[in-house]
S.K.: 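Below: one structure in structure tokens.
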Amino acid sequence: MSVKIYNTLTRKKEAFQSLEAGHIKLYVCGITSYDYCHIGHARSALAFDMIVRYFRYLDYKVTYIRNFTDIDDKIIARASEQNTSTEELANRFINEFYMDMDRLGVDRPTMEPKATEHIQEMIDLISELIDKDMAYAANGDVYYRVGSFAEYGKLSGRKLEDMQAGARIRVNENKDDPMDFVLWKASKPGEPSWKSPWGAGRPGWHIECSAMSRKYLGDTFDIHGGGQDLIFPHHENELAQSEAASNKPYVTMWVHHGFVTIRDEKMSKSLGNFLTIRDILDHYHPEVLRFFIFSTQYRNPLDFSEAAMQDAMAGLNRLYECLAAVNALGDNCSDTVAPVAGNKDIRKINALEGKFQTAMNNDFNTAQAQGCLFETIKVINKIIRQLPDCPSIQDTKLLQKSGETIKKLAGIMGILQEDATEYLAARKAEMLAKTDISEAEILTYIEQRNQARDDKDWARSDEIRDSLLNKGIELKDGPDGTGWSVKRS
RNA sequence: GGCGGCGUAGCCAAGCGGCUAAGGCACUGGUCUGCAAAACCAUGAUUCAGCGGUUCAAAUCCGCUCGCCGCCUCCA
């Protein structure tokens with residue numbers, strides 16, 4: 001069964017087939033590095049991290065290229081504000097980006113080319129376009145002649161006439177046509193610049209991706225990804241440049257993920273309503289953010305809120321609780337006791353991997369895939385509950401094996417990768433740190449309460465329990481004594 | 001104005017023409033408990049924004065209406 005992917009170019013889900021058998025070539029637009037990254041950037045990195053991991057799980061070789069835009073107007077402006085060079089600024093935020101990515105556990109792409117290290121490739125590509133009369137130089141700038149590419153607009157579904165009618169584009173007397181876009185910009189005094197046949201300048205934004213993808217992946221490659229906001233003009237222009245130069249299809253599948261919103265508005269730097277990755281990771285475990293991001297399919301908008309993060313944490317905890325219970329099974333099992341798991345249970349547990357794949361094959365439907373995980377842990381929990389003190393060897397083997405499968409599959413989304421017991425203990429400690437009470441104090445209260453319970457002084461016992469609850473601590477009386485947890489706020 | 005997307009239980013979210021409309025969070029009931037909590041089990045949409053249409057059959061396809069969002073300028 002093949003993977004179906006929604007292709008922005010055709011606006012349909014299509015069965016994916018790699019150009020080269022068993023090898024996928026993927027290019028994703030990375031960040032412009034002039035500031036800290038926000039949750040939207042995290043979603044992008046995570047979405048493609050998941051896609052790459054899933055393809056690798058399916059035994060594909062994946063060549064994954066993600067660029068850094070390290071020269072552009074914003075970088076120049078920001079560097080000048082901060083009295084530093086564009087190079088220093090860009091590299092600083094590339095390092096910050098790596099710190100965020102490492103905390104999120106995002107796998108590194110195969111290569112991460114920087115725009116400034118591929119100026120020659122861009123100049124070459126621009127020269128080819130000029131030779132074909134698809135581009136023209138004017139006063140040190142070079143522009144792409146949009147009108148000469150008959151299919152211009154095919155990715156974003158726009159017609160040239162419509163765009164011109166509603167154009168909000170500044171009039172630029174260097175351009176033959178207002179829709180033409182810049183390939184090379186003459187530099188102003190003091191700005192970083194590179195030598196070119198058209199004078200000192202720097203590349204336009206769109207040309208970098210065309211040049212770098214061609215260098216590392218060839219004229220035609222399998223998948224090009226990015227955020228939905230890049231469809232127009234960035235990807236439309238890239239496509240126009242590349243296809244005009246090569247006369248070949250640029251990309252088979254265009255994959256665009258949805259935005260992270262906050263109160264249903266797009267999170268963006270220009271709106272100023274963004275939360276940085278590190279803001280979130282200071283409050284939540286990276287896997288909570290991953291669980292949250294994968295709780296909806298990558299193309300849908302995802303609304304960020306504290307409540308949603310709390311929900312995600314609760315859901316992830318439930319999965320970890322199950323794995324912790326499986327870990328706790330131990331090896332003292334018997335081969336004489338009848339197993340608890342029935343055929344139906346075994347069938348359900350064994351169906352997990354197939355169902356998970358079906359979900360993922362459907363345009364990487366991680367929401368559905370998470371559902372498969374929960375369905376399975378429901379069966380596991382049921383079995384564990386029925387287990388005798390000395391469970392049968394069949395049951396323990398079944399549970400341990402399914403625990404391994406769950407971890408393997410969840411790993412595609414980058415969740416459930418920690419030791420379950422340690423994860424839960426760490427979350428508990430974090431939650432405790434937010435209360436005004438220490439574990440020692442709690443244990444003292446529990447002891448006092450146990451004394452009261454032994455004396456059947458229920459009033460005193462309940463009083464202690466209520467006072468702890470007021471401090472956010474919930475008690476749980478179990479067969480092995482009294483445990484405690486921090487109440488969800 | 002042009003283009004695109006979305007509207008499914010209290011909230012989040014699958015479902016892409018036909019099996020009882022996944023799953024999570026919350027709620028409620030049960031098991032457990034001195035009573036609770038936690039955990040586990042169970043329960044919840046005769047219905048998928050509204051109205052029409054196509055079809056033997058529609059949440060799923062088509063049309064219209066209403067509402068929300070995004071792109072058309074840098075943006076993941």
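Naming convention: chains lettered A, B, ... in sequence-line order (proteins, then strands); numbering from 1 in each chain.
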S.K.: For the pair His41(A) and His38(A), name the ring-plane relationship: parallel under 30°, tilted 30 to 60°, perpendicular over 60°.
M.R.: tilted
S.K.: Give the residues of residues 222-231 of chain A touching RNA chain B, defined as any heavy atom closer than 4.0 Å, sorted by residue number.
M.R.: Gly226(A), Gly227(A), Asp229(A), Leu230(A)
S.K.: Do Lys266(A) and Phe259(A) meet the cation-pi criteria used here (NZ or CZ under 6.0 Å from the six-membered ring centre, within 45° of the axis)?
M.R.: yes
S.K.: Considering residues at least two apart in sequence or located in another chain, which fulfil the side-chain contact (heavy atoms from CB on, under 4.5 Å) criterion with Thr421(A)?
M.R.: Ala324(A), Asn327(A), Asp419(A)
S.K.: For RNA chain B, which residues in residues 90-106 of chain A have a heavy atom at a distance below 4.0 Å?
M.R.: none
S.K.: Which pairs pass salt bridge (Lys or Arg N to Asp or Glu O under 4.0 Å) with one or both residues in residues 284-307 of chain A, sequence neighbours excluded?
M.R.: Asp49(A)-Arg290(A), Arg299(A)-Asp363(A)
S.K.: For Glu81(A), what residues pass the side-chain contact (heavy atoms from CB on, under 4.5 Å) criterion, not counting sequence neighbours?
M.R.: Arg78(A)
S.K.: Among pairs that include at least one residue of residues 351-362 of chain A, which meet salt bridge (Lys or Arg N to Asp or Glu O under 4.0 Å), considering only residues two or more places apart or in two chains?
M.R.: Glu353(A)-Lys408(A), Lys355(A)-Glu375(A)
S.K.: Establish, yes or no, whether the cationic atom of Lys175(A) lies under 6.0 Å from the six-membered ring centre of Tyr144(A) and within 45° of the ring axis.
M.R.: no
S.K.: Look at all strands and tell whether Asp73(A) reaches a base, only sugar-phosphate, or nothing, counting heavy atoms closer than 4.0 Å.
M.R.: nothing
S.K.: Within less than 4.0 Å of OP1 or OP2 of rA14(B), is there a side-chain N or O belonging to Thr296(A)?
M.R.: yes
S.K.: Partners of Asp72(A) by side-chain contact (heavy atoms from CB on, under 4.5 Å), sequence neighbours excluded?
M.R.: Thr32(A), Thr69(A), Lys74(A), Ile75(A)
S.K.: Pick base, sugar-phosphate or nothing for His38(A), based on heavy-atom distances below 4.0 Å to the nucleic acid.
M.R.: base
S.K.: Answer with base, sugar-phosphate or nothing: what part of the nucleic acid does Lys269(A) contact at a heavy-atom distance below 4.0 Å?
M.R.: nothing
S.K.: Nucleotides 6-11 of chain B: which of its N/O atoms have a protein N/O under 3.5 Å away?
M.R.:
none

S.K.: When the nearest nucleotide of RNA chain B is assigned to Arg385(A) and to Phe374(A) on a heavy-atom basis, which residue is associated with the more 5' position?
M.R.: Phe374(A)
S.K.: Parallel, tilted or perpendicular for His235(A) and His256(A), by the 30°/60° rule?
M.R.: tilted
S.K.: Between rA59(B) and rC71(B), how far is it from one P atom to the other, in whole Å?
M.R.: 33 Å
S.K.: On a whole-Å scale, what distance lies between the P atoms belonging to rA26(B) and rU20(B)?
M.R.: 30 Å
S.K.: For residues 298-330 of chain A, which residue pairs pass the ring-ring contact (aromatic ring centres under 6.0 Å, His included) check, not counting sequence neighbours?
M.R.: Phe292(A)-Phe304(A), Tyr320(A)-Tyr423(A)
S.K.: Among residues 410-417 of chain A, which ones have heavy-atom contacts with RNA chain B below 4.0 Å?
M.R.: none
S.K.: Have Thr358(A) and Asn361(A) got a donor and an acceptor in their side chains that come within less than 3.5 Å?
M.R.: no
S.K.: Is there any salt bridge (Lys or Arg N to Asp or Glu O under 4.0 Å) pair reaching into residues 341-352 of chain A, and which pairs are they, with sequence neighbours excluded?
M.R.: Asp345(A)-Lys382(A)
S.K.: Ser461(A) near the nucleic acid: base, sugar-phosphate alone, or nothing, with a heavy-atom cut-off under 4.0 Å?
M.R.: base
S.K.: Within the structure, does a side-chain N or O atom of Lys378(A) lie under 4.0 Å from either OP1 or OP2 of rA22(B)?
M.R.: no
S.K.: So, is Arg318(A) close to the rG24(B) phosphate, meaning a side-chain N or O under 4.0 Å from OP1 or OP2?
M.R.: yes
S.K.: Could you list the residues that satisfy side-chain contact (heavy atoms from CB on, under 4.5 Å) with Ile437(A), not counting sequence neighbours?
M.R.: Leu432(A), Thr435(A), Glu441(A), Ile442(A), Tyr445(A), Leu468(A), Lys471(A), Ile473(A)
S.K.: So what does Asp462(A) touch, heavy atoms closer than 4.0 Å: a base, only the sugar-phosphate, or nothing?
M.R.: base
S.K.: Between Gln370(A) and Gly30(A), name the one whose nearest nucleotide on RNA chain B is closer to the 5' end.
M.R.: Gln370(A)
S.K.: Can you see whether Tyr98(A) has Arg108(A) sitting over its ring - NZ or CZ less than 6.0 Å from the centre and within 45° of the normal?
M.R.: yes
